[in-house]
Amino acid sequence: MKKSTLCAHLLVSQDGGRTLEQGERIVFTLFNEHFPLENFQIWNGQLNDGWCEEYLRTHPSPLEVDVVQFIQIFWDMT
């Protein structure tokens, strides 16, 4: 699973009316706004699918998702 997809899943779990595609667009937009000198494609690497599934399963849906914070958290993860 790509990093942006994991962030998008968190956004969808927060707002059931949002699609995964919309969530991924939000991640892309916020990445470019907050990190204009960085490359989204390089950041948006693959994460281990099993780890992502476990993360989503064990972390309850947050009331608010801070996408920028998740971008930073997932920055060096591969």
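Quick note: numbers below take in every heavy atom, side chains included, and nothing from hydrogens, waters or symmetry partners.
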| message | Just verifying a value: how many Å separate Arg57 CZ and Cys52 SG, rounded to the nearest 0.5 Å? | response | 13.5 Å
| Student check: side-chain heavy atoms of Trp43 and Glu38 closer than 4.5 Å | no
| Which hydrophobic side chains are connected to Leu20, either touching it within the sub-4.5 Å cutoff or through other members that do? | Val12
Donor-acceptor contacts, no H, no angles, side chain residues 21-28, under 3.5 Å, sequence neighbours left out:
residue	atom	partner	partner atom	Å
Glu21	OE2	Arg25	NH2	3.0
Gln22	OE1	Thr19	N	2.8
Gln22	OE1	Thr19	OG1	3.4
Glu24	OE2	Thr5	OG1	2.5

| query | Hey, what do you get for CG (Leu47) to OG (Ser4), rounding to the nearest 0.5 Å? | reply | 9.5 Å
| said: One pair to check against side-chain contact (heavy atoms from CB on, under 4.5 Å): His34 and Ile71. What are the steps and the verdict? | reply: CA-CA 10 Å; His34 290 269; Ile71 289 170; over 6 Å; no
| Value rounded to 0.5 Å, distance of CG in Leu30 from CD in Gln69 | 13.0 Å
| request: Return each pair, listed once, that meets ring pair (Phe, Tyr, Trp, His ring centres under 6.0 Å) where at least one residue sits in residues 6-26; pairs must be two or more places apart or across chains. | output: none
| message | Once rounded to the nearest 0.5 Å, what's the spacing between atom NZ of Lys2 and atom SG of Cys7? | response | 13.0 Å
| said: Counting C-beta onward and ignoring hydrogens, is there a side-chain heavy-atom pair between Leu10 and Tyr55 closer than 4.5 Å? | reply: yes
| field | Name of the residue among Phe70, Phe31, Phe40 meeting ring pair (Phe, Tyr, Trp, His ring centres under 6.0 Å) with Trp75 | value | Phe31
| remark: Lys3 and Phe74 have their tightest heavy-atom pair at NZ-O, 2.8 Å
